[in-house]
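Residue numbers start from 1 in every chain, and the chains themselves are labelled A, B, ... in the order their sequence lines are given, proteins ahead of strands. In this text, all values refer to a predicted model and were calculated from it rather than measured experimentally.
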Amino acid sequence: MNRTHNNNELKIDYVNAIVELKGWVSKTRNLGGLIFIDLRDRYGITQIVVSPENPNYEKAKALKNEFVVYVKGIVVERENKNLTIPTGEIEILASEIEIINEAKQPPIIVADETDALEDTRLKFRYLDLRRPVMQNFLMTRHVAMQSTREYLNSHEFLELETPILTKSTPEGARDYLVPSRVNKGSFYALPQSPQIFKQLFMISGFERYYQIAKCFRDEDLRADRQPEFTQIDIETSFLTQEEIMAMTEGLLVKVWKDSINVEINAPFDVLTYHEAVNKYGSDKPDRRFGMLLEDLSEVFVNSEFSVFKNTVTNNGLVKAIVVKDSADKYSRKDITKLEDFAKIYKAKGLAWLKYQDELTGPIAKFLSDDEKANVINKVSLENNDLILFVADKENIVHNSLGALRVHIANQLDLINKKQFDFCWVVDWPLYEYDEEEGRFYAAHHPFTAPKNDQVDNMYNNPRECIADAYDVVCNGYELGGGSLRIYNQELQAKMFEVLGFTPEDAENQFGFFIESLKYGTPPHGGIALGLDRMIMLLTNTTNIRDVIAFPKTTSAQCTMTEAPSKVSTDQLKELGVKLDG
RNA sequence: GGUCCAGUAGUGUAGCGGUUAACAUGUCGGUCUGUCACACCGAAGAUCGCGGGUUCAAUUCCCGUCUGGACCGCCA
């Protein structure tokens, strides 16, 4: 009782073959006399037909959705063909039907167009994953992973593993902690990324490493963020930034080709961090549409309009985006909604003008004729354009206008959803300054090297110091990021010093690593690509849960297993852990 | 930590200060030999998330809470 074919295999040239199939009952259509059964497996659907004179007729009548069945029969050409499925020209005249297993009525419709909400789908994920769309997402994931391995293997990379139980570090995301039974009071941390280990592989002389690595970060979730996620983690010795970027491009070209048969063009455009932020208001710009940020600060230095003028004189910026040919599409009420949207990003307000023969809008009366002419000129305003201004501190201007730009592009359907726009964002600042804590943080991570000519800036002028760091961006998603690493022990120690570590702190947290740098460390660098986001792009979904087999909800729970869950007091006692209340 | 949206038969939605709580789909029964979202006829199926309050009366209004989702903060 084995199967001879899968349910997507049998075409017109199999007519008269005796075949045996297995699968799930996807749908039955009982016409009173004739019964049609759609038999589904992961490959596709085959139609079974049973007529009243067939000895299996009663059995066929009893079949319900999601029963697992075995069918033996002869392939025949259909009277009425269904050309929308690959097997639609044939059907199986059943000579034997065996119910392998029955099924309860499923809580969700097992078909591409399910009617269930995500809540229900996640609770019955094993049924949700029977749906062909979901199977395709995970199959694409499989192909992308194998394609990645093929590419990296053929470029002399070694797939090496690193520990899941490792050491907590204070920098970066919150750690998931695992109590140690053998060492009561001590904790392992799950890795946020294998960063230090992959650098140690370089020190060990492996030269080219990769790992499809699970990473864990105990931070709040988003549509594109899960607490455990997968990175394609790569590290190389002796390569330049340009070489690493070219290698990454080659990988992405192959993955896109193998997974969805799309040719993407390499090399990708390269933007500096400053260009990206200034033009797009984002360090991960979506370049599939225009509406770039325009700096109009100079126009308003001496303006009568005090809101703009004061912002400029207080080191803020006045920037704007122009929504082409859309003044008539946005009512005052609509613009108020846009303003509310901008306020989410801390903008104090959203000023606007419409150009309909002349500039109109609430702020028009505050602007001189010169200023109006300057605005029109500077951003090449045309009739029926809408211009939206944010005047604020630099990062607020960029954040709010950057988000608004994407928001409006979605509203007006300006984005070609079939397009893949890749670019690199390079020359990142080495540090970020935290106003509240009055200290510098590593913008990337504390092992990122400053550019060669920036070593002095590292401690003399940290705000301006540029790193050898690069992000690869696709359609507004940060697909991956990497850097050349510090391979000089003194420089690494200096880095910790600028970050506010005492020598003792540095020794406690990273002593083994600083020590390792002393034994002949090759220049090295790498990149990590977010596999889940990559699959989102490949499958054109906007929900990371769709491309992860068993994901968590936004409150970091699994509704199916109900993890996380309480544990027994015995278990806690064994670990030496006491609960607070 | 914060803001916003949602929670009503198995599933997805509608609805309303007083209802026999509606529709679709699924389920069950019936008719039907070429369907492929089969069609048609009929039936069953609801603690209106949970707790409290207002009211003569709450599924409906208010407060709290839980769950799901989107976003801000957070994510070296």
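A cation-pi arrangement is found for A:Arg405 relative to A:Phe289, the charged atom lying closer than 6.0 Å to the ring centre and inside a 45° cone about the ring normal.
Salt bridge absent: A:Asp392 and A:Lys346 never bring a charged side-chain N and a carboxylate O closer than 4.0 Å. For the pair A:Lys337 and A:Asp340, the salt-bridge criterion is not met [side-chain N within less than 4.0 Å of a carboxylate O].
Distances were taken from every side-chain heavy atom of A:Leu122 (C-beta onward) to each of B:C36, B:G69, B:C74; the shortest belongs to B:G69. Closest to the side chain of A:Gln105, out of B:G10, B:G69, B:G34, is B:G10. In the set B:A70, B:G34, B:G12, B:A70 carries the atom at the smallest distance from any side-chain atom of A:Ala223. Of all nucleotides listed (B:G34, B:G73, B:G68), B:G68 comes nearest to the side chain of A:Thr559. For A:Leu117, the listed nucleotide lying nearest its side chain is B:G12; candidates were B:C36, B:G12, B:G73. The listed nucleotides are B:C38, B:C72, B:G34; the one nearest the side chain of A:Lys346 is B:C72.
Pairing each heavy atom of A:Arg485 with each of A:Glu235, the nearest pair is NH2-OE1, 2.7 Å. The two atoms that bring A:Leu122 and A:Pro551 nearest to each other are CD2-CG, 3.7 Å, heavy atoms only.
Residue A:Tyr345 is classed as a sugar-phosphate contact, given heavy-atom separations below 4.0 Å to backbone atoms only. A:Asn30 comes within contact range of at least one nucleobase, with a heavy-atom separation under 4.0 Å. Here A:Gln557 lies in heavy-atom contact (under 4.0 Å) with sugar-phosphate atoms only. The residue A:Thr84 sits apart from the nucleic acid: no heavy atom pair falls under 4.0 Å. When heavy atoms are screened at a 4.0 angstrom cut-off, A:Glu562 is found touching no nucleic acid atom at all. Residue A:Leu31 is classed as a base contact, given a heavy-atom separation below 4.0 Å to a base. Using a 4.0 Å heavy-atom cutoff across all strands shown, A:Thr553 reaches sugar-phosphate atoms only and no base atom.
Under the Watson-Crick and G-U wobble criteria, each requiring two contacts below 3.5 Å, nucleotide B:U59 is left unpaired. Under the Watson-Crick or G-U wobble criterion, with both distances below 3.5 Å, B:U3 is paired with B:A70. For B:A14, there is no paired nucleotide, since no Watson-Crick or G-U wobble pair has both relevant distances below 3.5 Å. Judged by Watson-Crick or G-U wobble contacts below 3.5 Å, the nucleotide B:C50 has B:G64 as its partner. Base pairing annotation: B:U20 forms no Watson-Crick or G-U wobble pair, as no partner gives both donor-acceptor distances under 3.5 Å. In this structure, B:U27 forms a base pair with B:A43, meeting either the Watson-Crick or the G-U wobble geometry with both donor-acceptor distances under 3.5 Å.
Counting heavy-atom neighbours within 6.0 Å of A:Lys59 NZ, excluding the residue itself, gives a total above 12. The 12-atom threshold is exceeded at CH2 of A:Trp424, counting heavy atoms of other residues, nucleotides or ligands nearer than 6.0 Å.
For the C1' atoms, the distance from B:U59 to B:C16 is 9 Å, rounded to whole Å. Of the C1' atoms belonging to B:A57 and B:G18, the separation is 7 Å, rounded to the nearest Å. Atom C1' of B:A9 sits at a distance of 29 Å from the matching atom of B:U35, rounded to the whole Å. Taking atom P on both B:G69 and B:A37, the two are 32 Å apart, rounded to the nearest angstrom. Using P as the reference atom, B:G15 and B:U60 are 15 Å apart when rounded to the nearest Å. Nucleotides B:U3 and B:G73 place their C1' atoms 11 Å apart, quoted to the nearest Å. Separation of the C1' atoms belonging to B:G30 and B:U11 is 25 Å when rounded to the nearest angstrom. Between B:C50 and B:G7, the two C1' atoms lie 11 Å apart (nearest whole Å).
Here the C1' atom of nucleotide B:C75 and the CZ atom of A:Phe229 are 9 Å apart, to the nearest Å. The interatomic distance linking A:Asn65 (CG) with B:U25 (P) rounds to 15 Å, in whole Å. Taking atom CD on A:Gln226 and atom C1' on B:C74, their separation rounds to 16 Å, with Å as the unit. Per the geometry, CG belonging to A:Asn399 stands 15 Å off P belonging to B:C71, to the nearest Å. The CZ atom of A:Arg131 sits 13 Å away from the C1' atom of B:U11 (whole-angstrom rounding). A straight line from CD of A:Glu66 to P of B:G26 spans 14 Å, rounded to a whole angstrom. Atom P of nucleotide B:G69 and atom CD1 of A:Ile544 are separated by 13 Å, given to the nearest angstrom. Taking atom CD of A:Glu171 as the reference point, atom P of B:C74 lies 15 Å away to the nearest angstrom.
Donor-acceptor pairing under 3.5 Å, judged by distance alone, is present between the side chain of A:Glu91 and the base of B:G34. A:Arg29 contributes no side-chain N or O that forms a donor-acceptor pair with the base of B:C32 under 3.5 Å. Residue-to-nucleotide contacts include no donor-acceptor pair under 3.5 Å from the side chain of A:Arg545 to the base of B:G69. A donor-acceptor contact under 3.5 Å is not formed by the side chain of A:Arg217 with the base of B:C75. The base of B:G69 does not come close enough to the side chain of A:Asp119 for any donor and acceptor atom to sit less than 3.5 Å apart.
A:Tyr209 and A:Asp233 share a side-chain donor-acceptor pair at under 3.5 Å.
Comparing A:Lys81 and A:Gly172 against RNA chain B, the residue whose closest nucleotide sits nearer the 5' end is A:Lys81. Between A:Pro52 and A:Asn82, the residue anchored closer to the 5' end of RNA chain B is A:Pro52, taking for each the nucleotide with the nearest heavy atom.
Aromatic ring orientation, A:Tyr126 versus A:Phe124: perpendicular (interplanar angle above 60°, classes split at 30° and 60°).
For B:C72, neither phosphate oxygen OP1 nor OP2 lies less than 4.0 angstrom from any side-chain nitrogen or oxygen of A:Lys343. In terms of phosphate contacts, A:Lys27 brings no side-chain nitrogen or oxygen within less than 4.0 Å of OP1 or OP2 of B:U35. Note on A:Ser555: a side-chain N or O is less than 4.0 Å away from OP1 or OP2 of B:G68. Contact annotation: A:Thr554 reaches the phosphate of B:G69 (side-chain N/O to OP1 or OP2, under 4.0 Å). Neither OP1 nor OP2 of B:G34 sits under 4.0 Å from any side-chain N or O of A:Gln47.
With respect to A:Phe496, the ring-ring contact (aromatic ring centres under 6.0 Å, His included) criterion is satisfied by exactly one of A:Phe510, A:Phe513, A:Tyr459: A:Phe510.
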